[in-house]
Undergrad: 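Please find one structure pasted underneath; my questions will follow.
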Amino acid sequence: MLEVKNLHKVYDGHGRRVTAVGDLTFTVPEGQFACVVGPSGCGKTTLLRVLAGLLPATSGEVTVRGTPVTAPPPDLAVVFQEYGRSLFPWLRVRANVELPLKAQGMGRAQRRELASEALEAVGLSDVDNAYPWQLSGGMQQRVAIARAIAYQPKVLLMDEPFAAVDAQTRADLEDLVRSVWQRLGVTLLFVTHDIDEAVYLGQRVIVLSASPTTVAEDLAIDLPAERDQLATRSDPRFTELRGQVYARIQQVKRAPAAEGASA
Amino acid sequence: MLEVKNLHKVYDGHGRRVTAVGDLTFTVPEGQFACVVGPSGCGKTTLLRVLAGLLPATSGEVTVRGTPVTAPPPDLAVVFQEYGRSLFPWLRVRANVELPLKAQGMGRAQRRELASEALEAVGLSDVDNAYPWQLSGGMQQRVAIARAIAYQPKVLLMDEPFAAVDAQTRADLEDLVRSVWQRLGVTLLFVTHDIDEAVYLGQRVIVLSASPTTVAEDLAIDLPAERDQLATRSDPRFTELRGQVYARIQQVKRAPAAEGASA
Amino acid sequence: MRFLRRVLLALGLPVVLVAAWWFGSAGSQDFYWPSLSTIVDAFGRTWTWEMFQEQVFPSLWRLLAGYLIAVVVGVALGVLIGTYGSVRALLEPVLEFLRAFPPPVLVPAAILLSGIGDRTKILVIVFGCVWPVLLNTIEGVRGRDEVLSDTCRTYRVTGLLRLRHLVLRAASPQIVTGARQALPLAIILMVISEIMAANEGLGFTVLQFQRGFQIPEMWSGVLLLGLIGIVLSLLFRVAERSLLGWYHGQRAGQREF
Amino acid sequence: SEQPSAGQSGGATQPDKVNAGVIAILDVAPIYLGKEKGFFSKRNIDLTLTTAQGGAAIVPAVLSGQYQFGFSNAVSLLLAKSQNAPLKVVCNGNNSTGVADDFAGLYVKPDSPIQSPKDLVGKTVAANTLKNIVDTSVRASVKKDGGDPSQVKFTELPFPEQVGALQAGRVDAIFVVEPFQQAAVAAGMRKIASSYVDAAPNLTVAMYFTSTKLAGENPDLVARFTEAMKESLAYADANSAEVRDIIGTYTKIEEPVREKMVLPKWPTEINTDAVNALADAAVADGLLKEKPDVAGLLP
Amino acid sequence: MVAVAARTSRVTGRRFRSVTLGVLGLLGFALVLEVAPRVGIVPIDFAPPTSQILVTLGEQLGQPSFWTALLRTLLTWANGLLIAVVAGTVVGVLLGSLPVLRAATATTVEFLRPIPSVALIPLVIVLYGPTVRSTLVLVVYAAFWQMLIQVVHGVVDVDPVARDTARSFRLGPWGTVRYVIWPSALPYVMTGLRLAAAVALILTITGELVIGSPGLGKEIDNAQQSNAVRIVYALIVVTGILGVLINVLIRQVERRVLAWHPATRAETVEGVGVR
Ligand SMILES: Nc1ncnc2c1ncn2[C@@H]1O[C@H](COP(=O)(O)OP(=O)(O)OP(=O)(O)O)[C@@H](O)[C@H]1O
Ligand SMILES: Nc1ncnc2c1ncn2[C@@H]1O[C@H](COP(=O)(O)OP(=O)(O)OP(=O)(O)O)[C@@H](O)[C@H]1O
Ligand SMILES: [Mg+2]
Ligand SMILES: [Mg+2]
């Protein structure tokens, strides 16, 4: 379970003071798949970093599975927006995926199996021996996803994880993430810019306002649990929900809150 | 004008040999807006880097505006897929945008004006004094776009330039790029993963096959020159073209050419 | 072809310089600047196999021991200092204080502490060439990519695994720079460690030549030191290639013309 | 060449600028004293004294003409001569006192089993520089005492470290000169020989030299310098109180030590026999392959 | 306003803490050196305790000759360092950017680097006499290599994407060096500067000591020859203090020019958090 209560975050330094997150409160129950959308620079990444225990909140409370976050909580995985920089350039693809498992003390054979499975799932089983910088952007991003999946986390935070892959691969990965979520029962917070994707994937879409960020809309997605790229997307309810989210975002965009940046 | 003739590119090293581009031939006439789509890892970035004179082709010929490419051609700008790493962390946003202009020997006042305009256009006029690493992913990407626009190139190569921005911003940027293209008459090669975007933006969509890459489809987009996010996207012809591209991609994906990677 | 090119590149300038020296110094009557042919002559006479066994090898042994210890100590201390800001604040002034000590006063101090055996000489070498490794390691550790650190933290890659796969690897380009700086320093300090409290060794021999006004012999010793420098740097490069393969691949690879 | 030849006509013109390289030890007190007393200026020499750590700096400076004169110990000069370095001695430097109470000595720990120099066989002696006047002299002591000088081991240790090393048992004996001799005495070390005295009677320890080039080109200047030097030496030998004072001006030796120090002798003439004896000893000890041309070196 | 004040106080607070720690470190070190001779770990006659050294140092500070010596040493040091840093940087950037040049000079560089200055002393004296010039040559020779290697490695370290960006926007050789290569090599350069500064100081002292050119080194030599142990140590302490001060200075510069670098910004930006 993720609980965010009155989260407030200010960045301050180098002649710049930005209120990245104004006042954010929401709860993601255990095992829920929640999608977060919001304008560029509204504080989604900041939120994820606070949840992951990588960044202290300026004020407010953040709880992951019952414990207040002061350091990265156990069984939590993050797919970073900066996928390229989050891969270890000195480790080959397979070693990158296996490293967190190794840190858990998992045996060699099991590690190999999990890593192979995950790489297979993202369609990269043939590049396990390459270095990350020998891969295309989309491939790097998929390695980062494979690493998170192989880790089998209880909480998974994904920051625009499909931004660099083509439409077809994206669809495949969407289904992959949903199946992983269903299989492992992870609590999933998924940041995306693609409204269709948010509606297609999640049980719930949280729309954030522009900075100083608050929750502009919190929409339950009442589509059936079994989803299909063709069927679900042509479901009238899908179109309706999508329209709702879109309209809300337009609204947020048109009337932006006072800008938080100042020199 | 961009001419690519029998381009072939093999990466070789560190125990890996990959045919990134198999045999690519196409021509983009002066002033055309061409979009390139293709599966992840098919060699789009590689193609752009060869065109930009940053990477030697293994074989084949690449010509930009009449001269064979051996070094970065003049009046050519690139928006890199790794937008984050292509911004100089030691320069503030404005200085990042102004740097190429400064290198051209442009006067201070004119530089300031062009940079301000470009930053305004991408919606970042209030962060010109921040360092790139103080910005969100989407903001960084927009800085990179602003830099390319301010440069007023004759040829513009963009590698998934909107991957990190939200839907609304994306739409705005799409219109921005089209207006810049129309205003300056640049030759534009635009790599994207969003098929709608490709059809909406371009005069032509080049669909690449999976590796070893060839041109799978070369489709003229005969939509009216004046485009509008709502009207154009609801145009039946748009839907039709989109369907064509989509089908072609599906086809390419279903029957992938022999895999070029080997250990 | 490429191999040939590399060999030509590696030897071209030295050949030119040696030729210039040879002809430029031919027939020199200057006491301190003998002709190269005299020096080469002296080299053959001086650096016999026995000489190597008696004087050069013991020195080289100390040199390698001192160098390796310096690298290990420098990296270990550097990781510690680079990781914890307060340790750095605490130790940096003391280290800077020590770092400014010139060898002519350092060697006596070392003698005072640990006598006049091999141990002292190795100590002097360690003390002299630990600094580039240390400083570079500190900066390398401090300057690593935050996203990688964050990745390790979220995936709970901690302890030794983190040290091995994040801290050391991320700092390795700078560590290697430091180690490369330290290598010729080790040779220099080997000589300096033999200025005092010594009665054998390569440095000692060279200095004896100097004091005994055997100038061609002294020059031949300098020549030998330079050659040792070349050999060691070649060995170093082999080690670097395997250690930093990823780095050079990432930096250059096939990205450039 | 056209060196200013002022000296001959009695000093009406510009004095000759002369640089001399010396070591900041008590041995060179006469030249400082002579400069102060005006022995040089009255011979139309404008003397500048510069100290350096040792021969490594002074000899090349003299050979290249940066210094006109230098100060060096006798064995170093013999070594240089044997390598055909173009040097020429111009004047005596300093000598041992010739009696047991010399300005240098061989010391052991008070409780050391070593009673006399011959007990040093198989032992280690610290010398400030190896293969030089110290080991030659110490070997002379051992030989004189009936031991085998080739069985004595030497290790190089700067003077300041020697007493400490001896106390810590890192060496078996040390050979120190003043003022370190006073430190050894103060630390209770036991003197077992005065090796300079053992090497040769009234051993010439060090001398002043110039380059053969200058000696050939400007014999007049050399002659005037030598004269002034001789006057200085004689004066110093006769006025030890003034010597102790002048030492305080160019060294940092503390007053009480300065008062207690044993001073060397400063005869005006070089003890040629002693230099020859040193040369023979150096050959015998293997420092030199063959005896250098001593006569060619000395004036 | 309040926020700015709070930030300033936070920054000064952190600065204050690190200065306090640094002083504590030095005091601890001084304490060890005070106690060690007193309890007999090292012989007190040859390693005087800190208090005695400081007393002697105080006496030295009262002497004008000390100050002239210090000034001369600093002058030689500054000149030598300046030459070495400029030369090392220029050559380093050249070698770093042109792999062919690097390959062609590698052997020569590796041959020259390990030649110790002690071996060079007579040769330098023959050329320049026992003067400050000779010392300067030694200083430059030693400090140059430190700078060179750091700069070369720093230039190689430039991010390939940044380099490509510079190339595609045709920043030109000068622009690339000025705006891309130089800033990204700066962390290496600053380390090089710190290394070179200390080496230059060491060689200045050594050169003065051995050659006899005026300065602190010569005073040390003189004190050594006179068995004035406390003066020797007092002067060494001065050397050490110079080292500390030089480093403080360079760190100050570094904080300014490397404000953007992860290593520096981590200390100043609250954002990076729980490090
Ligand atoms: N390290 C930092 N230092 C200072 N300001 C920062 C930092 N990181 C982010 N910010 C600022 O905080 C705000 C929110 O940034 P954040 O990265 O959370 O946005 P985001 O919602 O992830 O945007 P995007 O969709 O573009 O990635 C932005 O205004 C950004 O400039
Ligand atoms: N520096 C490199 N060294 C080795 N192989 C590389 C390198 N860069 C790319 N490749 C390989 O070349 C192929 C094409 O890569 P490229 O980056 O051009 O793909 P792309 O079409 O841009 O993909 P994406 O849409 O995922 O960015 C991939 O298989 C990749 O692994
Ligand atoms: Mg973000
Ligand atoms: Mg790409």
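We name chains A, B, ... by the order of the sequence lines, and we start the count at 1 in each one. All heavy atoms count here, side chains included; hydrogens, waters and symmetry mates do not. Please read these numbers as outputs of a predicted model, since none were measured by experiment.
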Undergrad: So which part of B/Pro73 gets closer than 4.5 Å to some heavy atom of chain E, the side chain, the backbone, both or neither?
TA: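 The backbone, not the side chain.
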Undergrad: Check this for me: B/Arg178, atom CZ, are more than 12 non-hydrogen atoms of other residues, nucleotides or ligands nearer than 6.0 Å?
TA: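 Check passes, neighbour count above 12.
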Undergrad: Would you confirm whether E/Trp77, through its side chain, and E/Ile205, through its main-chain N or O, come within 3.5 Å as a donor-acceptor pair?
TA: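 Flag not set: sc E/Trp77 to bb E/Ile205 has no pair under 3.5 Å.
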Undergrad: Sort E/Val180 into side chain, backbone, both or neither according to what part of it lies under 4.5 angstrom from a heavy atom of chain B.
TA: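 Contact with chain B is through both the backbone and side chain of E/Val180.
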Undergrad: Strictly by ring pair (Phe, Tyr, Trp, His ring centres under 6.0 Å), give each pair with a member in residues 138-157 of chain E just once, sequence neighbours left out.
TA: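 Counting only pairs at least two positions apart or across chains, the ring pair (Phe, Tyr, Trp, His ring centres under 6.0 Å) contacts touching residues 138-157 of chain E are E/Tyr141-E/Trp145.
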Undergrad: Do you know which of B/Ser86, B/Ala77, B/Ala103 has the most heavy-atom pairs under 4.5 Å to chain E?
TA: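 Among B/Ser86, B/Ala77, B/Ala103, the one with the most close pairs to chain E is B/Ser86.
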Undergrad: Let me have the donor-acceptor pairs involving side chains of residues 81-105 of chain E, under 3.5 Å, with sequence neighbours excluded, atom names and distances please.
TA:
unit_1, atom_1, unit_2, atom_2, d
E/Thr89, OG1, E/Val85, O, 2.5
E/Ser97, OG, E/Val93, O, 2.4
E/Arg102, NH1, E/Leu95, O, 3.1
E/Arg102, NH1, E/Gly96, O, 2.9
E/Thr105, OG1, E/Leu101, O, 2.8
E/Thr105, OG1, E/Arg102, O, 3.3

Undergrad: Contact part of E/Thr176 toward chain B, heavy-atom cut-off under 4.5 Å: side chain, backbone, both or neither?
TA: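 Contact with chain B: none, neither part.
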